[in-house]
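Report on the structure given below.
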2 protein chains.
Amino acid sequence: MPKTSQAAGLHRASLAKLNELDAALELMYYGWRGMTLEADDYLAKQGLSRSHHRILYVVARRPDIAIGALIEVLGISKQALNRPLNLLLERKLLTTQRAPEQHRSKLLRLTAAGQRIEQRASDHERKVMRQAFDRAGASGAAAWMAVMEAIADNN
Amino acid sequence: MPKTSQAAGLHRASLAKLNELDAALELMYYGWRGMTLEADDYLAKQGLSRSHHRILYVVARRPDIAIGALIEVLGISKQALNRPLNLLLERKLLTTQRAPEQHRSKLLRLTAAGQRIEQRASDHERKVMRQAFDRAGASGAAAWMAVMEAIADNN
DNA sequence: GGCTCAAGTCAACGTAGTTGACATGAGAGC
DNA sequence: GCTCTCATGTCAACTACGTTGACTTGAGCC
């Protein structure tokens, strides 16, 4: 079971800057933590963690996704998916059903309870983003998105 | 020992957007991966990983930091620090010396080899950031920083 | 010698992932 | 029915990274 709370890297450390871009590296690190901190706390209280949230998040946005496709999207092995997925099924946050035509694959869908938890966890993250975007204004938000796109596309 | 390469979440998944801010959540996720992917590959080739890089990064910017202070900055337990730190000492990427006045604490410092690895790993990350900033221009970069500050300060 | 603080170490555990091997369930073809 | 294939499920062993708790060692202080 996950922890209840985490003190890891809570306050940003004051480090000398060796390079002009060091601030950006650190902002990425602390930004990720800042966005996920409250959501992780909420999930921990539900006895869940980030990996469960990722599953719920994807299934919410791809209802009736097959397990193989879910593995693809998450980019993990089926063995790694196995445990968290079964927990979500046991807790009835997800349901499976055989496909109507393609009986070989099982389709996943959120239950009402699963939807609620997915939504609340994601809401914690969206709240952080919304506050930051509000402070930066529409043009600042657009610029942030553009920069993040460029970084993300660096595959 | 770490892996050599990782295919996890390589290409951004196409998910339906349930909420206006979903794109921002996903950009944060893929942005983090985009920034760290090449650096992690480089580190893996050196037989090191992200946790070693974090140690090297901090010590580079706080030469003569004591172990207790390093634990504070990293936000992990001394037991968790123990293994990666010892590896870095064995490999002579770091050195320790007793403090001149405060003999109780040991001060850490990078060796030339440690500096080289820290720099190359961070360079991979900075390269990604620089490209993104170049595309966005100075005002875009400033806006990105402002938004990330707001997110990071959400402790 | 005894107290304190910094550091080091050991054991047990939790979580998240990996690979490899193998079993099961459900069409599809002959 | 038998076999082949594909999707799914599961077992075992492993790695990496983190946790807590308990205990030791080293150094300085009184």
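Not measured: the values here are computed from a predicted model. So you know, we letter chains A, B, ... as the sequences are listed, proteins then strands, and number each from 1.
- One N or O on the side chain of A:Arg61 and one on the backbone of A:Tyr57 form a donor-acceptor pair closer than 3.5 Å.
- A donor-acceptor contact shorter than 3.5 Å links the side chain of A:Asp22 to the backbone of A:Leu18.
- Atom P of nucleotide D:dT15 and atom CG of B:Leu48 are separated by 17 Å, given to the nearest angstrom.
- Contact between the side-chain N/O atoms of A:Ser105 and the OP1/OP2 oxygens of D:dA7 is not found at any separation under 4.0 Å.
- Distance CZ (A:Arg98) to P (D:dG9): 7 Å, rounded to an integer number of Å.
- Summarising the geometry, the separation between CD on A:Gln97 and C1' on C:dA26 is reported as 16 Å, rounded to the nearest angstrom.
- Whole-Å rounding puts the B:Arg83 CZ to C:dC10 C1' distance at 11 Å.
- The side chain of A:Arg54 contributes an N or O atom lying less than 4.0 Å from OP1 or OP2 of C:dG17.
- Remark: the B:His124 side chain and the B:Thr36 side chain contain no N/O donor-acceptor pair separated by less than 3.5 Å.
- Rounded to an integer number of Å, the gap from B:Leu87 CG to D:dT15 C1' is 14 Å.
- Judged purely by atom type and a 3.5 angstrom limit, B:Thr111 uses its side chain to pair as donor or acceptor with the backbone of B:Leu93.
- An OP1 or OP2 oxygen of C:dG8 is reached within less than 4.0 angstrom by no side-chain nitrogen or oxygen of B:Asn82.
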| message | Please evaluate residues A:Leu74 and A:Arg54 with respect to the criterion side chain to side chain contact (heavy atoms under 4.5 Å, CB included), reporting the C-alpha separation (whole Å), side-chain torsions for both, the decisive distance (0.1 Å), and the verdict. | response | CA-CA 8 Å; A:Leu74 294 175; A:Arg54 276 202 304 245; 4.1 Å; yes

Under 3.5 Å, N/O pairs linking protein and nucleotides 20-22 of chain C:
unit_1, atom_1, unit_2, atom_2, d
C:dG20, N7, A:Gln79, NE2, 3.4
C:dG20, O6, A:Gln79, NE2, 2.7

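- No more than 12 heavy atoms of other residues, nucleotides or ligands lie within 6.0 Å of NZ in A:Lys92, so this atom counts as exposed by the packing criterion.
- Between B:Leu89 atom CG and C:dA7 atom P there is a gap of 13 Å when expressed in whole angstrom units.
- Dashed line: the shortest gap from a side-chain N or O of B:Ser77 to OP1 or OP2 of D:dT19 is under 4.0 Å.
- Every pair passing side chain to side chain donor-acceptor pair (under 3.5 Å) that includes a residue from residues 131-144 of chain B is listed here, sequence neighbours excluded: A:Asn154-B:Gln131.
- Checking the phosphate oxygens (OP1, OP2) of D:dG26, no side-chain nitrogen or oxygen of B:Lys106 falls inside 4.0 Å.
- Spacing between atom CG of A:Asn86 and atom C1' of C:dA16 amounts to 15 Å, rounded to whole angstrom units.
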